[in-house]
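Data block below; observations after.
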There are 2 protein chains.
Amino acid sequence: MELAEAKVKFIETWGKLGSEWGINRTMAQVHALLLVSPEALTTEEIMETLRISRGNANMTLRDLIGWGLIEKQHKAGERKEYFYADKDTWNIARQVAKERRKRELDPVLKVLEELTQVEGDQNDPAYQTFNKSVTDINKLAKNVDKTLDTMFKAEENWFWGSLFKLFK
Amino acid sequence: MELAEAKVKFIETWGKLGSEWGINRTMAQVHALLLVSPEALTTEEIMETLRISRGNANMTLRDLIGWGLIEKQHKAGERKEYFYADKDTWNIARQVAKERRKRELDPVLKVLEELTQVEGDQNDPAYQTFNKSVTDINKLAKNVDKTLDTMFKAEENWFWGSLFKLFK
DNA sequence: TTAAACTTTCAGTATGTTTTGAAAGTTTAA
DNA sequence: TTAAACTTTCAAAACATACTGAAAGTTTAA
């Protein structure tokens, strides 16, 4: 396979994965493009390569900056803004996990905590079932939350190394 | 908060979480409803409670069965089919992880493996960057894959217990 | 058999999300 | 200043996904 063809395939795959995980396709594709670009790119270049509109490119780039996945770069003597992606995979994974926790897990944990407090008749099967399910899910969610915390603080090698020592 | 109100809130929250994670809202809601129901429910009851159409209920129930999250139950002397959810949170988490790996991670791994094989000029920065990004992501994806494997085989207590011993 | 009870399908509709492109806004150099 | 270079916004259009409901299909009991 040619490099050019491979790049296209990578961008497509990353885009598809993104859309399956609630990140919009274009955002994932722009990210992929910057991941395989040795140099920072301009909005113009991104628009051309992915054949997307100026508006779309602009919004997507702003979103990616918001997610902490890419950064603006100013080149001396140039008016245009350049964008480049952090190429460290571990940082990317951490950044995405962090953002999603904040947006999705945290609010759910809050509701679950509230729902475990609901009181009722201990002999009512409806109450028993509700309570058991909510309590169990809450426990699981808290575990995930703690593990993520550890992940955010950890170095990549330490994290996976420890995990493998453990799991052989 | 009343039990009835709490149930509604649980169903809503679960539905929202589902839709943020690429599982459709109705599917997550039906699952939530069954999770807090001590008895198996009929299609009719589900339709009424969640105010969805017969067609939607039927498709969603089949999907949930496909995901291994709920099962049909036949009651002696009855024509109607009843549905109930596995209430074991650990099983649910495992089941969802298993399905998503099969549907999403596996195909991506296959492409990444292919892309790491692409050959090129070692001195070309474009090739270097492409290769580094793809190789790194491939490594990360493989790690995730292995960890999931361990999770599928593990008992809940052992899994989280080990993780915590490790992470203190 | 047959008809009532129940389940499944699917074309059309509704709803939600993403993208476009032109206009408005901002910055910079002369 | 002013005008060119560039960035941002947003209403409307395109696209994607989910849902409805009536019709077709299946099963069961008598």
Side-chain angles (χ1 to χ4, degrees), chain A residues 11-12 14-34 40-67 69-84 100 103-104, chain B residues 11-12 14-34 40-67 69-84 100 103-104:
Chain A
I11 291 168
E12 270 173 14
W14 207 236
K16 198 167 147 227
L17 187 66
S19 69
E20 284 162 345
W21 283 84
I23 287 155
N24 96 33
R25 209 187 73 249
T26 305
M27 187 166 148
Q29 286 185 340
V30 170
H31 185 226
L33 172 61
L34 290 175
L41 303 178
T42 60
T43 303
E44 214 74 28
E45 290 170 311
I46 294 167
M47 284 166 56
E48 274 173 35
T49 311
L50 302 179
R51 264 161 282 171
I52 61 176
S53 72
R54 186 171 298 284
N56 194 6
N58 183 267
M59 276 181 132
T60 299
L61 287 166
R62 269 194 298 118
D63 282 354
L64 281 168
I65 290 171
W67 279 70
L69 294 173
I70 67 170
E71 287 181 39
K72 278 189 186 178
Q73 195 175 63
H74 281 286
K75 294 206 176 177
E78 293 232 35
R79 290 283 295 280
K80 277 196 280 278
E81 287 178 328
Y82 287 77
F83 300 90
Y84 71 97
R100 300 205 69 162
R103 293 171 196 221
E104 292 148 27
Chain B
I11 291 168
E12 272 173 13
W14 207 235
K16 200 170 145 222
L17 187 65
S19 69
E20 284 162 344
W21 283 84
I23 288 154
N24 96 31
R25 206 187 75 249
T26 306
M27 188 167 148
Q29 286 186 339
V30 171
H31 185 225
L33 173 61
L34 290 173
L41 303 179
T42 61
T43 302
E44 213 75 28
E45 290 168 312
I46 294 166
M47 285 166 57
E48 275 173 34
T49 312
L50 301 179
R51 262 160 287 172
I52 61 176
S53 71
R54 184 172 300 283
N56 193 7
N58 183 267
M59 278 181 133
T60 299
L61 287 166
R62 270 195 297 119
D63 283 353
L64 280 168
I65 290 171
W67 278 69
L69 294 173
I70 67 169
E71 285 180 39
K72 278 189 188 179
Q73 194 176 61
H74 281 287
K75 295 207 177 176
E78 294 231 37
R79 289 284 296 282
K80 275 196 282 277
E81 289 178 327
Y82 287 76
F83 299 90
Y84 72 97
R100 299 206 70 162
R103 292 170 197 220
E104 292 149 27

To the nearest angstrom, the CG-P distance between B:Asp63 and D:dC19 comes to 11 Å
From CD of B:Glu48 across to C1' of D:dT20 the rounded distance in Å is 17 Å
By the Watson-Crick or G-U definition, both distances under 3.5 Å, D:dA29 is matched with C:dT2
C:dT13 -> Watson-Crick or G-U wobble partner, both distances under 3.5 Å, gives D:dA18
Quiz item: What orientation do B:His31 and B:Trp14 show, parallel under 30°, tilted 30 to 60°, or perpendicular over 60°?
Solution: tilted
Rounded to whole Å, NZ of A:Lys72 lies from P of D:dT7 at a distance of 8 Å
From CZ of B:Arg62 across to C1' of D:dC19 the rounded distance in Å is 14 Å
Nearest heavy-atom contact between A:Phe83 and A:Glu81 is CE1-O, 3.9 Å
Taken to the nearest whole Å, CD/A:Gln73 to C1'/D:dC6 is 17 Å
Here the distance between atom C1' of D:dT7 and atom OH of A:Tyr82, to the nearest Å, is 15 Å
Atom NE2 of A:His74 and atom C1' of D:dT7 are separated, to the nearest Å, by 11 Å
Ignoring hydrogens and geometry, is there a side-chain-to-backbone donor-acceptor pair from A:Glu48 to A:Glu45 under 3.5 Å? no
Is any side-chain N or O of B:Asn58 closer than 4.0 Å to OP1 or OP2 of C:dT7?
no
As its Watson-Crick or G-U partner within any shown strand, both distances under 3.5 Å, C:dA22 has D:dT9
To the nearest angstrom, the CG-P distance between B:Leu50 and D:dC19 comes to 11 Å
Point to revise | Main-chain N/O of B:Lys16 paired with B:Ser19 side-chain donor or acceptor, under 3.5 Å | key: yes
Carboxylate-amine/guanidinium contact A:Glu44 A:Arg54, below 4.0 Å = yes
B/S/- along nucleotides 14-30 of chain C (protein heavy atoms under 4.0 Å) is ----SSBB-----BS--
- Query: Taking everything shown except B:Arg100 itself, do over 12 heavy atoms lie less than 6.0 Å from its CZ?
  - Reply: yes
query = Does a salt bridge link B:Glu20 with A:Arg103, judged by any charged N lying under 4.0 Å from a carboxylate O?
reply = no
